[in-house]
Amino acid sequence: MRVTCTVNGTTRTADDVWEGESLLYVLRERLGLPGSKNACEQGECGSCTVYLDGTAVCACLVAAGQAAGRDVRTVEGLAPEGELDPVQQAFLQTGAVQCGFCTPGLIVSVHDLLARVPHPSDPEIREALAGNLCRCTGYEKIMDAVRLAAGSPTEAGTR
Amino acid sequence: MDFMTPSTWADALAIRADRPDALPIAGGTDVMVEMNFHRRRPGVLLDLTRIGDLTTWAMDGELLRIGAGVSYTRIIEELGDRLPGLAMAARTVGSPQIRNRGTLGGNLGSASPAGDGHPPLLAAGAQVELASVRGTRLVPIDGFFTGPKRSVLAPDELIAAVWVRPADGPEQFSKIGTRNAMVIAVSSFSLALHPGRREVGTGIGSAAPTPRRATEAELFAAGQLPWDTLAGLAPDVARRFGELVAAAAAPIDDVRGTAAYRRHALAVLAQRTLTWAWRDLCG
Ligand SMILES: Cc1cc2nc3c(=O)[nH]c(=O)nc-3n(C[C@H](O)[C@H](O)[C@H](O)COP(=O)(O)OP(=O)(O)OC[C@H]3O[C@@H](n4cnc5c(N)ncnc54)[C@H](O)[C@@H]3O)c2cc1C
Ligand code: FES
Ligand code: FES
């Protein structure tokens, strides 16, 4: 089937989409947007997190046809070409990236958190990121990144 | 495989009647896992996410009617004051991404003994509205589940909504798992106090082939709680309540826990939730 949706502000069409395919597969394999990662395909790791009509979801659990006509925003679309979103900048600045596989999903989740709760407490950050797994960093640098992006640099680096 | 996207409820019911090989999909948080892992290959994926009615809730007389497509996130944000027990359970489901997408109707459709939406609906005495081209029927929630991942839902039916009375007293939900987030319950328990009627509602999760009530425990607590004096909860009443809840379960050993552990955990959850709820009531 053919699926047309808005991705990062542009109308995109994918052809020959299998009816049982996920939005994640469409993004990565058909639309050439490999930013969203595929690790578990079962909603556990959050590495595929994207916005669907402004709501953070696991793209691996959205059927391609469910995204038709909807607005999808991926990690590639958070900042204009050649620029970084403040959340991306904060991850770089605090060294919250090691292998980087979890990073795109975390960036979108943190972006979503800060849009809803501009100054989250540590428990709020942990709760918001419960669905994003990182096997490298031990999460402390990620916490620092969120605090930095939230504009609470005094807390950054403290435990 | 076909992908069908009805935009009205009538169309959805017609497709469901015509195509016995159709698998409804709402939030997809159960269905897509099965698709991704090749466990399921339906003839049709019947997408319910474009049916506006399914994602609304409203008061109808004294009851709340919650559309099957309302997500956990919305239950927490929009219904937390009216259904605190269900909202507590919703907060423990998966992660924000799962709660944004997963629905109450999908939880009922999967009918897992571990589904977190079920115990609070049991405790609150909810009813499930099922619809087909043949008509609509209301099924009391304690008659909905028939076995592990099985329910009375007929092959041509869809879940339209859940009907439930807003809380008329304290409600509690508690769940045991290996960590605080992203866990399937080892066992769970929900409690509702109805001081006006002097009744107690219960719901057990993950400790029997289906979610179920602990009827004897309900009657015991209703008879023993000091409704008149609102005196403190007697420790032996709390303990006996826990024992009766544990006795109502029929747990198994599995990867998440042993039957003995589940029973023990349930007794503890039941005592705790009764203690918390009674304290809430006495202010
Ligand atoms: C990572 C992860 C964590 C999870 N954690 C939890 C948890 O903590 N607690 C918990 O209870 N669950 C959990 N789940 C399971 C799942 O999120 C819930 O069962 C959720 O409620 C399913 O809703 P859905 O809308 O996504 O259902 P879907 O996947 O769309 O559908 C589920 C089933 O219901 C049927 N169905 C859906 N809507 C209808 C309808 N209106 N009428 C008839 N049938 C229908 C479908 O055909 C399917 O059989 C988790 C899942 C994942 C992937
Ligand atoms: S790939 Fe989607 S959550 Fe892991
Ligand atoms: S940086 Fe490697 S998984 Fe997070």
**Message:** Apply side chain to side chain contact (heavy atoms under 4.5 Å, CB included) to residues Arg272(B) and Gln172(B) and explain how you reach the verdict.
**Reply:** CA-CA 9 Å; Arg272(B) 279 188 196 160; Gln172(B) 284 291 341; over 6 Å; no
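- Of the two parts of Cys40(A), only the backbone, made up of N, CA, C and O, holds a non-hydrogen atom closer than 4.5 Å to a non-hydrogen atom of chain B.
- The contact between Asp2(B) and chain A is made entirely by backbone atoms, counting heavy-atom distances below 4.5 Å.
- In terms of heavy-atom pairs under 4.5 Å with chain A, the best-connected choice from Thr5(B), Ile25(B), Thr73(B), Ile98(B) is Ile25(B).
- Interface residue Ser22(A): backbone and side-chain heavy atoms are both found under 4.5 Å from chain B.
- Salt bridge Glu34(B)/Arg40(B): present, at least one basic N to carboxylate O contact under 4.0 Å.
- Interface remark: of the candidates Val62(A), Thr55(A), Leu113(A), Val62(A) forms the most heavy-atom pairs closer than 4.5 Å to chain B.
- Ranked by non-hydrogen atom pairs under 4.5 Å with chain B, the options Glu44(A), Gln66(A), Gln42(A) are led by Gln66(A).
- Residues Arg147(A) and Asp144(A) are paired through a salt bridge, judged by an N-O separation under 4.0 Å between the basic side chain and the carboxylate.
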(Q) side-chain hydrogen bond (donor to acceptor under 3.5 Å, both in side chains), that's the test. Do Asn132(A) and Ser109(A) meet it? Break it down for me. (A) CA-CA 8 Å; Asn132(A) 292 81; Ser109(A) 286; 2.9 Å; yes
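- Evaluation of the ring pair (Phe, Tyr, Trp, His ring centres under 6.0 Å) rule for Phe144(B) yields no partner, not counting sequence neighbours.
- At a 4.5 Å heavy-atom cutoff, Ala64(A) makes no contact with chain B through either its backbone or its side chain.
- Residue Leu133(A) touches chain B through its side chain alone, counting heavy-atom pairs closer than 4.5 Å.
- A salt bridge links Arg262(B) with Asp254(B): the closest approach of a Lys/Arg side-chain nitrogen to an acidic carboxylate oxygen falls below 4.0 angstrom.
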